[in-house]
Student: 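Dropping the structure in here first, questions after.
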Amino acid sequence: MTPLTYDGKITFFERFEADILSGAKTITLRDESESHFRVGDRLSVSTFETGRHFCDIQVVRVEELAFEALNSRHAVQENMTLEQLKAVITEIYGEIDTLYLIEYRLL
Ligand SMILES: CC(=O)Nc1ccn([C@@H]2O[C@H](CO)[C@@H](O)[C@H]2O)c(=O)n1
């Protein structure tokens with residue numbers, strides 16, 4: 001078996017782990033500090049809180065997205081309502097105009 005080689009790593013808050021592993025959450029929205037991911041990148045995924053590795057993903061889409069352009073499709077891909085999603089983003093980043101959408105698949 002060929003071991004997986006990584007192009008990078010990413011962390012998620014523990015509370016999203018189950019949704020990521022079940023396939024219910026297929027995107028993440030980040031700020032400019034995490035806009036460097038590229039389509040095809042294989043990432044090691046761990047929890048923000050303790051750094052525990054819990055899966056590997058491959059990036060399938062990266063695009064800039066205005067906060068104002070968030071819609072219910074994005075919310076579905078986050079397994080949330082649009083109101084919940086906007087609240088979560090504001091809680092994490094404060095007021096933010098420009099997000100980076102990262103779509104991924106589980107490896
Ligand atoms: C741990 C860390 O470094 N940063 C982040 C930043 C964001 N997110 C999640 O992405 C979506 C939109 O922002 C929501 O589901 C967020 O909770 C996350 O899990 N971890």
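Each ligand, and each atom within it, is numbered from 1 in the order the structure gives.
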Student: So, for R42 and L4, which heavy atoms are closest and what is the spacing to 0.1 Å?
Tutor: NH1-CD1, 2.9 Å

Student: Considering the heavy atoms of T28, write down every atom of ligand 1 situated less than 4.0 Å from one of them.
Tutor: 8 (N), 9 (C), 10 (O), 11 (C)

Student: Measure the distance from atom 16 (C) of ligand 1 to every protein heavy atom, then report the residue, atom name and distance (to 0.1 Å) of the closest one.
Tutor: I92 CD1, 3.5 Å

Student: Return each pair, listed once, that meets salt bridge (Lys or Arg N to Asp or Glu O under 4.0 Å) where at least one residue sits in residues 50-61; pairs must be two or more places apart or across chains.
Tutor: E14-R52, E17-R52, R61-E63, R61-E103

Student: For the residue pair M80 and V88, what are the closest heavy atoms and their distance?
Tutor: SD-CG2, 4.1 Å

Student: For atom 8 (N) of ligand 1, grab the closest protein heavy atom and report residue, atom and distance to one decimal in Å.
Tutor: R30 NH2, 3.7 Å

Student: Non-hydrogen atoms of K25 versus ligand 1: any pair closer than 4.0 Å?
Tutor: yes

Student: Show which atoms of ligand 1 fall inside a sub-4.0 Å distance from at least one heavy-atom site of V88.
Tutor: 14 (C), 16 (C), 17 (O)

Student: Heavy-atom count around E91 CD within 6.0 Å, excluding the residue itself: above 12?
Tutor: yes

Student: Got the closest protein heavy atom to atom 11 (C) of ligand 1, with its distance?
Tutor: E78 OE2, 3.0 Å

Student: Tell me which one of Y100, F13, F16 gets a heavy atom nearest to atom 17 (O) of ligand 1.
Tutor: F16

Student: If you look at every heavy atom in R73 and N71, which pair is closest and at what distance?
Tutor: N-OD1, 2.9 Å

Student: Go through ligand 1 atom by atom and flag the ones less than 4.0 Å from a non-hydrogen atom of Y93.
Tutor: 6 (C)

Student: Does I20 share a hydrophobic cluster with V60, counting links as ILVMFWY side-chain heavy atoms below 4.5 Å and allowing steps through other members?
Tutor: no

Student: Using a 4.0 Å cutoff against the non-hydrogen atoms of M80, which atoms of ligand 1 qualify?
Tutor: 15 (O)

Student: Taking atom CD of E32 as the centre, report whether more than 12 heavy atoms of other residues, nucleotides or ligands fall under 6.0 Å from it.
Tutor: no

Student: Quick test of your reading of the structure: of T11, L29, I20, whose heavy atom lies closest to atom 2 (C) of ligand 1?
Tutor: T11

Student: Can you name the side chain to side chain contact (heavy atoms under 4.5 Å, CB included) partners of T11, sequence neighbours left out?
Tutor: S46, F48

Student: Tell me the protein heavy atom at minimum distance from atom 1 (C) of ligand 1, and give that distance in Å.
Tutor: F48 CB, 3.3 Å

